[in-house]
Participant: 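The structure under discussion is supplied below as C-alpha cells; questions concerning it will follow.
Order of the sequence lines fixes the chain letters, A, B, ..., with proteins taken first and strands second; residue numbering starts at 1 for each chain. Everything numeric in this text was worked out from a predicted model, so none of it was measured.
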There are 2 protein chains.
Amino acid sequence: MPKALTAKGTATRQRIIDGAAAEIHDRGVLATTLDDVCRRTATSKGQLFHYFPDGREELLLAVAEREAERVLEDQQPHLGQLTTWSAWESWRDAVVLRYQRQGMNCPLGVLITELGRSTPAAQLVTARLIERWEHQLLVGIREMQRHGHVAEGLDAKRTAAAILAAVQGGVTILMSTGSSAHLEAALDTSLLFLRLAH
Amino acid sequence: MPKALTAKGTATRQRIIDGAAAEIHDRGVLATTLDDVCRRTATSKGQLFHYFPDGREELLLAVAEREAERVLEDQQPHLGQLTTWSAWESWRDAVVLRYQRQGMNCPLGVLITELGRSTPAAQLVTARLIERWEHQLLVGIREMQRHGHVAEGLDAKRTAAAILAAVQGGVTILMSTGSSAHLEAALDTSLLFLRLAH
DNA sequence: CACAGTCTGGACCTGCTGGTCTATTTTAGT
DNA sequence: ACTAAAATAGACCAGCAGGTCCAGACTGTG
C-alpha cells in the first residue's frame, strides 16, 4: 500500500471493495476470484495488489468489515430506539425484510468461516458485530423495563444474548432453506417472551 | 461406481468417508484436499474416484449426510423423550456439551454452504435435518402440554421452530467466537419461556 | 481353473488462481 | 514545468488440486 492515497486512489480502493462485495453477493465467496473482481470493477491486478498488498485475504477482510457495518445499519433506526412495543415490532419487520432481500447467501458468514481459521482479525470483526448488536438489544430491554413494560426481574443480559442467538439462527436457517419461517418464529417468540415476562 | 460393492469395497468406501470427516474436523473443509484424504486413509486417487465418480462433490455430500446423522444421535436419548422438565434440562446440557466439544469448526455448516449453491442434494440434507430436529422438539412440547406442564394455548409449532433457531444461532456464535455463552443463554431462555407459558 | 468384474496404485495432465514484475501514464506539490 | 510519488495496465509465473487413465492385483463364481 502506498504511503498516501490520493482522492482518486481512495475512490478506486472503495470501488474494488464494493465490486468484490457485489460479486460475492452474486456468486458466493468461494466462486469469487480476483480476476472476477478486476473485471467487474474495471481495474487491473496491479491496482488490486497496490491497494491490498496482502491480496485476497486483505480484500476479503475489508469486505467483511463493510458487510458487518451494513448489518447494523440496515436495522436502523429501529434497533436504536427499542423503547415501545411498536418499535420492537418495526425492528422485527426490518430484520425479516433485510434477510429476505439478502436471500440465500450469507456473505459475512462464509467470509468469516473462510478467514476466521487463519486470521484473528476476522474473528474480531464478528466479535465486535455481535457485541454492538447485543448491546443495542440490551439497552432496548432495559428501557422497556424502566418504563414498566417488562418485568424488572428479567435477566436483561441473558435475554439479549438469547434473542440475538435466535435471530442469528433464524438467519442461518433462512440461508440454507430459503424460508424465513424460522426467523419469523424466532422473532415473534422473542417478543412474546418479553411480553410474558410481566 | 461399480455395479456391486464387495464387502471389502464397502469397507474401503466407509474408510474414505470417515477419513474425510476426520480431516475436515481437523483442518476445515476448505483446506481439505483429495490428496489429504488419500494420505490419511491410505487409499489412492483411483479408489477415491472408483467409489465417488463425481469426485469431491460426491464425497463431501456423503460426509455431510454422516455429520447430519451425528447431530441428532448426539442429542439422544434426551431429545427423544422431552416429557419432563428434567429431561429438557438434560437435553440442554447434552447440546451444550456436544458443541463445546466440537469447538470452533462446523463441518456441516461449511459443507452445506460450499455445496448448497450448486447441489440441491446438499440442501435436502439440511432440510431433512431441520425437519427431524424440529419435529422432535415439537413432540416434546406437545407432550409437556398434554401433561399440563405447559399452557395449551401456546403455539407449539412456532415455539419449536423458535427454539431450534435459537439453538442454531447459539451454535453459530459459538463457532465464530469460541464461547458457548450465547448457546447457553438461548437454551436457558427457551426453557424459561416454556415455563413462563403456564 | 478360468474369467469377468472389482479393487488398488500412482503417474500424469490441465486449468485455474493467487500473486509478481515491469513499464507506462497520471497526479500533486513546489 | 519539473519531479517524485501514486495510479494503472496486463503479461507472466508457479503451484496446486481436481480429475483422468491404464496397468496390475485380487476375488468370487461357474
Participant: Whole Å only: how far is the CG atom of B:L34 from the P atom of C:dA11?
Facilitator: 17 Å

Participant: Could you check whether the rings of A:W88 and A:W91 sit parallel, tilted or perpendicular, using 30° and 60° as the cut-offs?
Facilitator: perpendicular

Participant: Is the distance from OP1 or OP2 of C:dT8 to the nearest side-chain N or O of B:Y51 less than 4.0 Å?
Facilitator: yes

Participant: Measure the distance from CZ on A:F49 to C1' on D:dA9 and round it to the nearest whole Å.
Facilitator: 15 Å

Participant: When you measure from the side-chain N and O atoms of A:T6 to the phosphate of D:dA5, is any distance below 4.0 Å, counting only OP1 and OP2?
Facilitator: no

Participant: Taking 4.0 Å as the cut-off, does a side-chain nitrogen or oxygen of A:T12 come that near to OP1 or OP2 on D:dT8?
Facilitator: yes

Participant: Salt-bridged, B:R146 to B:E143, with N to O below 4.0 Å?
Facilitator: yes

Participant: Is the shortest side-chain N/O distance from B:K45 to OP1 or OP2 of C:dG10 below 4.0 Å?
Facilitator: no

Participant: One thing to verify: whether A:R56 and A:E114 come together as a salt bridge, which I'm taking to mean a side-chain N less than 4.0 angstrom from a carboxylate O.
Facilitator: yes

Participant: Could you tell me whether the phosphate oxygens of D:dT8, OP1 or OP2, come under 4.0 Å of any side-chain nitrogen or oxygen in A:Q47?
Facilitator: yes

Participant: Quickly work out the B:E58 CD to D:dG19 P distance and round it to whole Å.
Facilitator: 11 Å

Participant: Can you see whether B:Q100 engages B:S180 through a side-chain donor-acceptor pair at a distance of less than 3.5 angstrom?
Facilitator: yes

Participant: Could you pick out which residue, A:T43 or B:T32, lies toward the 5' side of DNA chain D when each is mapped onto its nearest nucleotide?
Facilitator: A:T43

Participant: Rounded to the nearest angstrom, tell me the gap between atom CG in B:L48 and atom P in D:dG19.
Facilitator: 10 Å

Participant: Could you give the NE2-to-P distance, from B:H50 to D:dG24, as a whole number of Å?
Facilitator: 18 Å

Participant: If you check every side-chain atom of B:D35, which of D:dA7, D:dG10, D:dG18 has the closest atom?
Facilitator: D:dG18

Participant: Roughly how many Å is it from CZ in B:F52 to P in C:dC7, rounded to a whole number?
Facilitator: 12 Å

Participant: Any N or O donor-acceptor pair under 3.5 Å from the base of D:dA17 to the side chain of B:T33?
Facilitator: no

Participant: Take A:R195 and A:E89, measure what salt bridge (charged side-chain N to carboxylate O under 4.0 Å, His left out) needs, and give me the verdict at the end.
Facilitator: CA-CA 12 Å; A:R195 284 200 159 104; A:E89 296 287 350; 3.3 Å; yes

Participant: Would you kindly give the CG-to-P distance between B:L59 and D:dG18, to the nearest whole Å?
Facilitator: 10 Å

Participant: With respect to the side chain of B:S44, which nucleotide from D:dG18, C:dG18, C:dT8 is positioned closest?
Facilitator: C:dT8

Participant: Would you mind reading off the distance between A:D36 atom CG and C:dC16 atom P, rounded to a whole angstrom?
Facilitator: 12 Å

Participant: Across the strands shown, which category fits A:G46 at heavy-atom distances under 4.0 angstrom: base, sugar-phosphate, nothing?
Facilitator: base

